[in-house]
Amino acid sequence: MKTSGTTDGVDGVLPLTKKQKIAGNVSMGVLLVAAGVILALAGAGVINVSVRKIAAATILLAFGTGVLIGALIAKNSISMWIAGVILSCALTSLLVAVTPASYYNLFPIYIAAPAVGCALSVIFADAKLACVKCGVFFSVLAGLFALASSGLCGWGLTGGLIAAFGGVCVIAYAVGIFLKKDQDNA
């Protein structure tokens, strides 16, 4: 049986045990303390980096990892998705802090964040195909935006490709609904 953060035990989902809840909370606490220590050391000059430059990445990384650990303990697909999104944002902030790249170059990672969440959530999700479809959609969309942010092509071409991709998605959705309706009537 699956576990989850619920406490009702319905639909074949077991509530978390007291040990699972404690493990998740302690993990989150330890990670946030570690983030705080890193930021304090940077603020005191022990670590030679600007707190302003690493604050977002450090806190997001700690929090996202804590959510991921809790999701793994609970076998919870929704928490896995949230962890994937948070960790994607942490990665973007970290790359801005440690590389010459700017948010302008890296913003497609934010667009890909739901795809990362879907990739993680598929581990425990019942609707795996839906996770894959959503992941593919956001991956392609992020890839299209990356064309412009990387300088490979201008926004005119990128915008046209994004519009065409949106059209293909709408057509695919409409055809899928039509075919599903025909199967339901058969």
Side-chain angles (χ1 to χ4, degrees), residues 27-28 31-43 47-72 76-125 127-174 176:
S27 298
M28 178 67 79
L31 289 162
L32 290 173
V33 167
V37 168
I38 290 168
L39 292 174
L41 290 172
I47 298 175
N48 190 20
V49 66
S50 165
V51 173
R52 175 177 279 164
K53 206 169 185 185
I54 66 164
T58 304
I59 293 167
L60 285 171
L61 190 58
F63 186 69
T65 303
V67 172
L68 180 63
I69 290 169
L72 289 169
N76 186 311
S77 63
I78 295 170
S79 295
M80 291 290 280
W81 188 88
I82 293 168
V85 171
I86 294 169
L87 290 171
S88 296
C89 295
L91 173 66
T92 306
S93 295
L94 182 64
L95 289 172
V96 167
V98 301
T99 69
S102 67
Y103 282 109
Y104 177 81
N105 304 114
L106 299 172
F107 81 87
I109 298 173
Y110 288 123
I111 297 169
V116 175
C118 288
L120 290 178
S121 70
V122 78
I123 297 167
F124 299 123
K128 292 186 187 315
L129 182 58
C131 288
V132 170
K133 286 179 183 179
C134 181
V136 168
F137 172 80
F138 281 103
S139 295
V140 171
L141 193 59
L144 291 172
F145 274 99
L147 292 173
S149 72
S150 67
L152 289 176
C153 65
W155 279 106
L157 177 58
T158 300
L161 292 172
I162 291 169
F165 175 65
V168 168
C169 290
V170 169
I171 292 167
Y173 177 77

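Since this is a predicted model, take the numbers as computed values, not measurements.
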Going from [atom1] on [X] to [atom2] on [Y], what distance comes out if it is rounded to the nearest 0.5 angstrom?
| X | Y | atom1 | atom2 | answer |
| --- | --- | --- | --- | --- |
| I59 | L32 | CD1 | CG | 8.5 Å |
| I111 | I162 | CD1 | CD1 | 7.0 Å |
| N76 | I123 | CG | CD1 | 12.0 Å |
| L95 | S102 | CG | OG | 11.5 Å |
| F63 | L31 | CZ | CG | 11.0 Å |
| L94 | I109 | CG | CD1 | 10.0 Å |

Go through the steps to decide whether L87 and V116 satisfy the test side-chain contact (heavy atoms from CB on, under 4.5 Å), and finish with yes or no.
CA-CA 9 Å; L87 290 171; V116 175; 5.9 Å; no
Verify the neighbour count for atom [atom1] of [X]: are there more than 12 heavy atoms of other residues, nucleotides or ligands below 6.0 Å?
| X | atom1 | value |
| --- | --- | --- |
| Y103 | OH | yes |
| K128 | NZ | yes |
| I78 | CD1 | no |

Donor-acceptor contact present, side-chain [X] to main-chain [Y], <3.5 Å:
| X | Y | answer |
| --- | --- | --- |
| N105 | S149 | yes |
| S93 | A90 | no |
| S121 | C118 | yes |

Closest approach of [X] to [Y] (non-hydrogen atoms, all atoms of both residues):
| X | Y | result |
| --- | --- | --- |
| V67 | S79 | CG1-O, 3.5 Å |
| F124 | A71 | CE1-O, 4.0 Å |
| A146 | S150 | O-OG, 2.8 Å |
| A62 | A35 | CB-CB, 3.7 Å |

Using a 4.5 Å cut-off on heavy atoms from C-beta on, say whether the side chain of [Y] contacts that of [X].
| X | Y | result |
| --- | --- | --- |
| W81 | V85 | yes |
| Y110 | S88 | no |
| M80 | L72 | yes |

In terms of ring plane angle, is the pair W155 and Y104 parallel, tilted or perpendicular, where the classes change at 30° and 60°?
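Perpendicular, since the angle between the ring planes exceeds 60°.
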In sequence, state the C-alpha distance, the side-chain angles, and the governing distance for L147 and L157, and then conclude on side-chain contact (heavy atoms from CB on, under 4.5 Å).
CA-CA 9 Å; L147 292 173; L157 177 58; over 6 Å; no
